[in-house]
Amino acid sequence: MTAPIVHLVRLLKWGRTLARHGALTGIERDPMTPPALRRLVRIARIGARVPAQPAYADAFQAIGPAAIKLGQALATRPDLVGEAAAADLLRLQDALPPVPFAEIRAAIEQALGKPVEALFQSIDEQPVGAASIAQVHRAVTTDGRQVAVKVLRPGVEEDFARAIDTYEWAAAQAEALGGELARLRPRLVIATFRQWTARELDLRREAASASELAEAMVAEPGYEIPAIDWQRTARRVMTLEWIDGIKLSRRDELIAAGHDLGAIAGRLVRAFLRQAISEGFFHADMHQGNLLVRADGSIVAIDFGIMGRIDRRARMWLAEILHGLITGDYARVAEIHFEAGYVPPHHNIGEFTTALRAVGEPIRGLPVRDISIGNMLDGLFAITRDFDMPTQPHLLLLQKTMVMVEGVATTLDPDLNMWETAGPFVQEWMRTELGPEAFVADRIVRDVRTLARLPELIRVIESRYPPPGGAPPPPPLPDVEVVRLGGGWRYGAVAVLAAIAGAAAMALIG
């Protein structure tokens, strides 16, 4: 176990870097910051030249790869770091200098157990991308297929393990201070971050996520996932189909290639809705760099290290919440929050309904095209503090992805009507999931499953209450009052003493 002094030294070093970039200013000025934490921040910035405008993304990049990933996670938490910091952290790009190819070659051969020449006809020594966790090389397999080979950076697991160990320690100290920090549950934030990195640091899991998403998106034409080469994939190496396409960030190139940007934007929104609402399993890193467009206009997603899951009940709640805010049914939206346990039961549902009205009414008078999902969700986050609402990491990841998709889509097509694109899909899904047909279907499934369990239930009952054996039934026993003078072992002691006393008395009488 790492000693507290080691954690403190690491935190002080990181704190100095954050202070030099002005990234601690918001914590120091926030009136909700506990005094003890404010004092630590002041110590960390002693002697540092603090800029007037904080540069959060630059600070995390300066600290290192694990901090870059943590910053990307914190970008999904405007309730924790503030809207300005969250917006700036979205700039984080985990591009780093590449690892020398000799180390990459050794890593491939160790992971796959074969020489590189036995796996690939050729492999480019210069990577097409080098990120904080892995880098990607273009290659040709021995059977002539064009592939991308993703390889973990040597030593990255150990670096992340040390950093996360300290993050967890710091989060526990912060949460112990109570108050607002306890409500924001920083330990849960780091636990979620650990889950993210566990998937990214095991490329077999990332490959499995890509395979699962590909199966889920078969019904969505024009949205594709690269095929995984499982024979050349291991924990530290992943090989997948090479994709020739234009990144969505290159708008001018898309236009020059003759693509219909409006159609691409609409296809992206529908693909995300199918993932998040219909399937409950979504690509949670859908920024422009991870989305390419092929010559036929189809979108291809890459990089499946961060994926989100939402169970069916939560998806139903979410769809009703979004629909209720647009239609003005604030009472139903409030009921859903209480049913889902998002609002503690000691609060008044009427007061919460009024707070929701304050979020929904400003957008009801706007044309549908002017309604921003991001702004609406930011309004919802603004009332979480007043109603002691604990954070829901799975919904925060979804919120971050929804805002990201909206941003990408409107960058492609500024005239995109987000709600007109999403509305028919959400309404159809709600009808099929919440309508009478869905109720009857769910009831039939539950009842059939219950009936199917009856034989096993009867066998369990029989095993607990077996039929009588061959012995004759015992004679009836008379009722005898039992005197209970105490508990436990005293009962036995009293019975023994009473028997001895009775025997002695009979002996004396005789």
Side-chain angles (χ1 to χ4, degrees), residues 90 148 210 212-227 240-304 307-308 315 318-319 322-323 326 363 366-377 398-432:
L90 289 174
E212 182 178 352
L213 186 62
E215 291 180 3
M217 295 301 290
V218 169
E220 188 65 34
Y223 188 90
E224 302 174 9
I225 309 297
L240 66 165
E241 173 190 2
W242 177 264
I243 301 298
D244 285 313
I246 304 173
K247 290 186 177 182
L248 289 189
S249 56
R250 300 170 182 171
R251 191 172 186 273
D252 292 340
E253 293 184 25
L254 292 171
I255 294 174
H259 290 295
D260 184 343
L261 299 191
I264 293 173
R267 187 175 301 124
L268 176 64
V269 172
R270 287 190 297 273
F272 167 70
L273 290 171
R274 180 171 296 280
Q275 293 175 41
I277 296 181
S278 294
E279 303 298 334
F281 182 64
F282 61 94
H283 187 198
D285 201 14
M286 296 176 71
H287 61 72
Q288 293 99 322
N290 284 341
L291 298 166
L292 296 88
V293 179
R294 279 181 162 159
D296 61 358
S298 60
I299 299 174
V300 182
I302 59 174
D303 194 351
F304 308 95
M307 305 295 293
R315 300 200 307 271
L318 179 65
L322 294 176
H323 186 262
I326 293 299
I363 67 176
L366 296 175
V368 178
R369 68 185 301 147
D370 294 334
I371 297 175
S372 166
I373 290 179
N375 292 340
M376 184 181 67
L377 293 175
L398 177 67
Q399 183 255 359
K400 168 247 187 181
T401 310
M402 291 176 71
V403 174
M404 185 181 294
V405 169
E406 182 183 40
V408 174
T410 53
T411 299
L412 289 172
D413 181 9
D415 295 326
L416 176 73
N417 189 323
M418 187 74 172
W419 285 108
E420 283 188 358
T421 303
F425 187 97
V426 174
Q427 290 174 0
E428 176 63 21
W429 186 85
M430 288 180 64
R431 190 191 70 80
T432 56

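Counting begins at 1 with the first residue of the sequence.
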Item to check | Ala210 to Ile225 - nearest heavy-atom pair and separation | outcome: O-CG2, 3.5 Å
Item to check | Atom pair CG/CG of Leu254 and Asp260 - distance to nearest 0.5 Å | outcome: 11.0 Å
Checklist outcome for this item: Arg251 meets the salt bridge (Lys or Arg N to Asp or Glu O under 4.0 Å) criterion, sequence neighbours left out, with none
Next on the checklist: Nearest 0.5 Å, please: how far is CG in Asp296 from NE2 in His259?
Outcome noted: 8.0 Å
Checklist entry - Partners of Ala276 by side-chain contact (heavy atoms from CB on, under 4.5 Å), sequence neighbours excluded? => result Phe272, Phe282, Leu398
Item to check | From CG (Leu291) to CD1 (Ile246), nearest 0.5 Å | outcome: 13.5 Å
Checklist entry - Shortest non-hydrogen contact from Asp413 to Ala265? => result CB-CB, 4.2 Å
Item to check | Spacing of Leu292 atom CG and Arg250 atom CZ [to the nearest 0.5 Å] | outcome: 8.0 Å
Checklist entry - If you look at every heavy atom in Lys247 and Gly289, which pair is closest and at what distance? => result CE-O, 3.7 Å
Item to check | Least distance between heavy atoms, Gly308 atom then Ala284 atom | outcome: N-CB, 4.1 Å
Item to check | Test item: Glu279 side-chain N/O and Met217 main-chain N/O as donor-acceptor pair under 3.5 Å | outcome: no
Checklist outcome for this item: Note: Ile302 and Pro226 closest approach over all heavy atoms is CG2-CG, 4.1 Å
Next on the checklist: When you measure from the side chain of Arg294 to the backbone of Glu224, do you find a donor-acceptor pair of N or O atoms at a distance under 3.5 Å?
Outcome noted: no
Checklist outcome for this item: Between Tyr223 and the options Arg270, Arg274, His283, the side chain to side chain contact (heavy atoms under 4.5 Å, CB included) test singles out His283
Checklist entry - Can you check whether Glu212 reaches Met307 side chain to side chain, under 4.5 Å on heavy atoms? => result no
Item to check | From Leu248 atom CG to Met286 atom CE, the distance as rounded to the nearest 0.5 Å | outcome: 9.0 Å
Next on the checklist: Please give me the minimum heavy-atom distance between Ala409 and Leu268, naming the atom from each residue.
Outcome noted: N-CD2, 4.4 Å
Checklist entry - To the nearest 0.5 Å, how far apart are CG in Asp303 and CG in Asp285? => result 5.5 Å
